[in-house]
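Count residues from 1 along the sequence. All ligand and atom numbering here is 1-based and tracks the order in the structure.
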Amino acid sequence: MSSAATRQTARPSTASEAAAQLMHRAKVLALCTEKPGQILRTFLSPAMDEVHRAMRPWMEAAGMQVTIDRAGNLHGLYASKISNAAPRLLIGSHLDTVPNAGAYDGVLGVLMGLAMVEASAVQQYPFAIEVIGFSDEEGTRFGAPFLGSRAMVGELKGDLLHCLDSTGESVDEALRAFTANHPELEEPALSPQTAAYLEFHIEQGPVLESRNLSLGVVEALAGQSRCEVEFLGVAGHAGTNPMKLRRDALAGAAEWITQVETISRRFDDAVATVGQIAAEPSGVNVIPGVARCSLDVRHHDDDVRAALQRAILDEAQAIAQKRGLTFDSVQYHQQAAVRLDANLVAMIDRAAARAGYAAIRMTSGAGHDAMVLAPYVPSAMVFLRNPGGISHHPDESVREKDVAAAIHLGLCFLDEFAAQVRDKQHA
Ligand code: GLV
Ligand code: MN
Ligand code: MN
């Protein structure tokens, strides 16, 4: 451990002080961006290096050994003072963002891990704490999400490596370039000592606010799939082709997009989104010959999600046929719905009760790194109220008092976790 890591520092003595510090840190990290005036941080970008440079001294001052792995994930390990063989609790979330993002999606969960190490009786716990900042959860750069957490569990392979960014660089090429610049880095890996993963996240929706609650305990996450869809028509002169004789790919896509909305409303609790659209050749006086769209479909029941996606793609086919277009789709991402670990969920319930907060059980419609970790290690999540439910937006916010509540709950959770580790050791 470095000398910085062994140095004792003043620690925030209360959850409120720790919350104020966390809010300040989130503002500092928001300045690390690829686009001045907006927050944008993508996988393996220079802005991500900046975030790592900002986080490192905070983590080292808290006694952590800081490393970055070959997939660009940031790790801060607070080793157990009791035993080298002690189990490890992983706490974190992601450090990448959507375009024009807010300051808390992902970042909050990483800073929560740091705050819990700083504010707790960490030296006395019979377990190590590893704070993790995943390098990609949003999929902003390559379309496919969870690249950081997938690398940690050995799932960053196969077709995923061939996804391209907007410059035509593949995931594989980006990883090779990153490693060539940093040959000293270790391969990403989930330590076999990891006993649990805990992620704090803003809710990204309005439920907690509508119930006047600070915190929610997540018990399940909706499954999700993403496709690229393409309508092919015939490009041509905007002035000379009568409306009846056109095969306009973008007009076909537009008709389909409104049907995506109509069809999804027939499936309870389902959501489907066309978030990207591009037309070619994209001239003001040219009929679009090609329209490409993204499609994101989510539901907590994987069979319902599959049925909805089928209905949406069948409709695209029907619209294309009616308009003399051709249609094709490629599914490049699929993540099954996930139930979180019942034992950890119950521990969070108890921690919330001890801290004096009523926390409801919730299902997440958003994707989170916990869904990638859950098949490999018991995982759990806590949601914080998100004013206005505004997220993936620069106005995204969280109240300092709710952050203090989360830290208070987190410290009670660490005590619960310590008691369970001790019980297992004495069993
Ligand atoms: C990530 O925030 C997602 O749910 O798409
Ligand atoms: Mn997130
Ligand atoms: Mn997000």
- Under 3.5 Å between some N or O of ligand 1 and some N or O of G367? yes
- Please check if any side-chain donor atom of Q204 sits under 3.5 Å from a side-chain acceptor atom of D105, or the reverse. yes
- Message: For the residue pair H94 / D96, report whether a side-chain donor-acceptor contact shorter than 3.5 Å exists.
- Response: yes
Of all the atoms in ligand 1, which lie at a distance below 4.0 Å from a heavy atom belonging to [X]?
{"X": "R226", "result": "5 (O)"}
{"X": "H392", "result": "1 (C), 2 (O)"}
{"X": "A366", "result": "4 (O)"}

- Answer yes or no: are there more than 12 heavy-atom neighbours, outside H24 itself, under 6.0 Å from its atom NE2? no
- Query: Should we say atom CG of N181 is surrounded by more than 12 heavy atoms from elsewhere, each under 6.0 Å from it?
  - Reply: yes
- Query: Given NE2 of H94 on one side and OD1 of D105 on the other, what angle do they make at the Mn ion (ligand 2), to 10°?
  - Reply: 90°
- Apply side chain to side chain contact (heavy atoms under 4.5 Å, CB included) to S264 and L308, showing your working. CA-CA 7 Å; S264 307; L308 171 58; 4.0 Å; yes
- Record the part of H94 in heavy-atom contact with ligand 1 below 4.0 Å; permitted values are side chain, backbone, both and neither. neither
- Task: Angle at the Mn ion (ligand 3): provide the value between NE2 of H392 and OE2 of E138, rounding to 10 degrees.
- Result: 110°
- Item | Output field: ring centroids H368/Y197 closer than 6.0 Å | no
- Item | Shortest heavy-atom approach to atom 3 (C) of ligand 1 - which of H368, R298, Q204 | R298
- Considering only non-hydrogen protein atoms, determine which one is nearest to atom 1 (C) of ligand 1 and report residue, atom name and distance to 0.1 Å. E138 OE1, 3.2 Å
- Could you confirm whether H201 has any N/O/S atom lying under 2.8 Å from the Mn ion (ligand 2)? yes
- Please examine the side chains of S364 and M381, heavy atoms only from C-beta on, and report whether any two atoms are closer than 4.5 Å. no
